[in-house]
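Numbering of ligands and ligand atoms starts at 1, following listing order. Just so you know, these numbers come straight off a predicted model, no measurement behind them. Computation of the quantities below employed the complete heavy-atom set of this structure, encompassing side-chain atoms and omitting hydrogens, waters and symmetry-equivalent molecules.
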Amino acid sequence: MTKPVLYGADYSVYVRIARMALAEKEVACERVPVDVFASEGVPSWYRNLHPFGRIPALLHGDLCLYETGAITRYIDEAFDGPALQPAEPAARGVMNQIIALLDAYGYRAMVWGIAVETVDRPKEGTDPNPAVIEQAIPVARTVLAELERLKRPGAWLLGDRLTLADLHAAPIIGYFLKAPLAAPMFAAHPGLEDWWQRISARPSFVTTQSAG
Ligand SMILES: N[C@@H](CCC(=O)N[C@@H](CS)C(=O)NCC(=O)O)C(=O)O
């Protein structure tokens with residue numbers, strides 16, 4: 001089988017999640033840059049891979065996948081290397097719950113509502129929208145509280161083994177923590193501190209850092 005091809009840009013937290021999964025499994029992949037925020041818009045050819053025009057997409061042989069949760073589960077199951085999903089049903093359920101809550105609530109509030117509004121927009125010369133920030137703060141707080149509550153004793157979110165939940169959370173939390181506003185919110189959840197130190201030092205996280 002040929003190498004998988006990952007489409008997307010390094011600035012994307014979702015592309016980073018997929019890259020972390022590939023790195024953890026030590027799977028070499030080809031990269032095809034796709035800038036969904038380019039002034040000319042999403043390239044029209046890319047919509048054949050991802051009709052919604054988001055990144056990432058993964059091509060492997062004749063399989064084309066989009067949605068990061070589907071991509072990372074596929075990477076885990078299709079390739080050798082350490083299993084990134086717990087075999088035990090309850091732990092797997094919580095892992096899937098963490099991934100789903102990050103997608104449904106965390107990404108929008110923490111990345112767009114807080115980090116983009118308070119850090120990226122001012123850098124680009126645009127005023128932050130206080131209403132967006134105000135709406136995002138309680139959601140981000142709830143996400144952090146839930147991560148702390150769901151975290152099991154041990155080095156990683158699900159206990160002693162790194163899972164896809166850690167890889168999904170790290171790029172979202174990393175982007176969120178670019179915002180000065182985020183640090184005190186995160187510090188209110190001491191149960192996540194050791195986990196953050198550990199995952200942010202992980203080679204798959206460090207080597208997928210975006211230059212921007
Ligand atoms: N549900 C998608 C979300 C992917 C996503 O939103 N990616 C962002 C970049 S981090 C994107 O493509 N944004 C383009 C846009 O919002 O138009 C997934 O899990 O892959």
Side-chain angles (χ1 to χ4, degrees), residues 4-25 27 29 31-60 63-78 84-85 95-121 123-124 126 128-129 132-133 135-136 139-140 143 147 157 163-179 182 199 204-205 207-212:
V5 184
L6 185 68
Y7 295 78
D10 285 356
Y11 60 69
S12 156
V13 298
Y14 277 109
V15 172
R16 191 176 188 188
I17 293 166
R19 292 175 68 203
M20 285 183 72
L22 288 160
E24 291 293 341
K25 299 292 277 194
V27 176
C29 75
R31 299 284 309 280
V32 175
V34 177
D35 182 3
V36 281
F37 299 120
S39 51
E40 58 276 18
V42 177
S44 54
W45 61 265
Y46 182 64
R47 290 207 185 260
N48 295 327
L49 302 180
H50 197 319
F52 300 98
R54 300 284 180 101
I55 48 176
L58 184 90
L59 200 60
H60 190 212
L63 175 72
C64 178
L65 285 178
Y66 63 84
E67 289 306 306
T68 306
I71 292 172
T72 56
R73 288 173 181 97
Y74 174 73
I75 291 167
D76 185 38
E77 287 159 19
L84 297 173
Q85 300 176 85
M95 181 200 77
N96 285 326
Q97 184 181 18
I98 289 173
I99 291 171
L101 79 85
L102 288 164
D103 284 344
Y105 317 112
Y107 172 68
R108 187 54 47 190
M110 295 168 129
V111 173
W112 285 94
I114 293 176
V116 172
E117 278 302 321
T118 65
V119 179
D120 299 341
R121 294 230 191 283
K123 260 195 220 155
E124 290 158 6
T126 316
N129 182 337
V132 171
I133 300 166
Q135 215 172 23
V139 181
V143 170
L147 289 178
L157 290 176
T163 70
L164 296 180
D166 301 292
L167 308 184
H168 222 86
I172 293 175
I173 302 281
Y175 208 102
F176 169 66
L177 287 173
K178 290 196 327 185
I199 192 70
S204 64
F205 185 81
T207 59
T208 54
Q209 185 86 44
S210 160

Could you list the donor-acceptor pairs under 3.5 angstrom formed by side chains in residues 13-25, with sequence neighbours left out?
from: Y14; atom 1: OH; to: D103; atom 2: OD1; distance (Å): 2.7
from: R16; atom 1: NE; to: T208; atom 2: O; distance (Å): 3.2
from: R16; atom 1: NE; to: T208; atom 2: OG1; distance (Å): 3.0
from: R16; atom 1: NH2; to: F205; atom 2: O; distance (Å): 2.6
from: R19; atom 1: NH1; to: D10; atom 2: OD1; distance (Å): 3.2
from: E24; atom 1: OE1; to: R202; atom 2: NH2; distance (Å): 2.9
from: E24; atom 1: OE2; to: R202; atom 2: NE; distance (Å): 2.9
from: E24; atom 1: OE2; to: S204; atom 2: OG; distance (Å): 2.6
from: K25; atom 1: NZ; to: D76; atom 2: O; distance (Å): 3.0
from: K25; atom 1: NZ; to: D76; atom 2: OD1; distance (Å): 2.8
from: K25; atom 1: NZ; to: F79; atom 2: O; distance (Å): 3.4
from: K25; atom 1: NZ; to: G81; atom 2: O; distance (Å): 3.4
from: K25; atom 1: NZ; to: P82; atom 2: O; distance (Å): 3.0

Q.
For Y7 and H50, which I'm curious about, is there any donor-acceptor pair between the side chains at under 3.5 Å?
A. no
(Q) So, using side-chain hydrogen bond (donor to acceptor under 3.5 Å, both in side chains) as the criterion, who are the partners of E77 when residues are at least two apart? (A) Q85
Q: Might you point out which heavy atoms bring Y66 and L49 nearest each other, and give the distance in Å?
A: CD2-O, 3.4 Å
Q.
Are there over 12 heavy-atom neighbours, none belonging to Q209, within less than 6.0 Å of that residue's CD?
A. yes
Quick check on ligand 1: any N or O pairs to the protein under 3.5 Å? One line per pair.
from: ligand 1; atom 1: 1 (N); to: E67; atom 2: OE1; distance (Å): 2.7
from: ligand 1; atom 1: 1 (N); to: E67; atom 2: OE2; distance (Å): 3.4
from: ligand 1; atom 1: 6 (O); to: R54; atom 2: NH1; distance (Å): 2.9
from: ligand 1; atom 1: 7 (N); to: I55; atom 2: O; distance (Å): 2.9
from: ligand 1; atom 1: 12 (O); to: I55; atom 2: N; distance (Å): 2.9
from: ligand 1; atom 1: 16 (O); to: R54; atom 2: NE; distance (Å): 3.4
from: ligand 1; atom 1: 19 (O); to: E67; atom 2: OE1; distance (Å): 3.3
from: ligand 1; atom 1: 19 (O); to: T68; atom 2: N; distance (Å): 3.1
from: ligand 1; atom 1: 19 (O); to: T68; atom 2: OG1; distance (Å): 3.4
from: ligand 1; atom 1: 20 (O); to: T68; atom 2: N; distance (Å): 3.0
from: ligand 1; atom 1: 20 (O); to: T68; atom 2: OG1; distance (Å): 2.7

Q.
So, using ring-ring contact (aromatic ring centres under 6.0 Å, His included) as the criterion, who are the partners of Y11 when residues are at least two apart?
A. F37
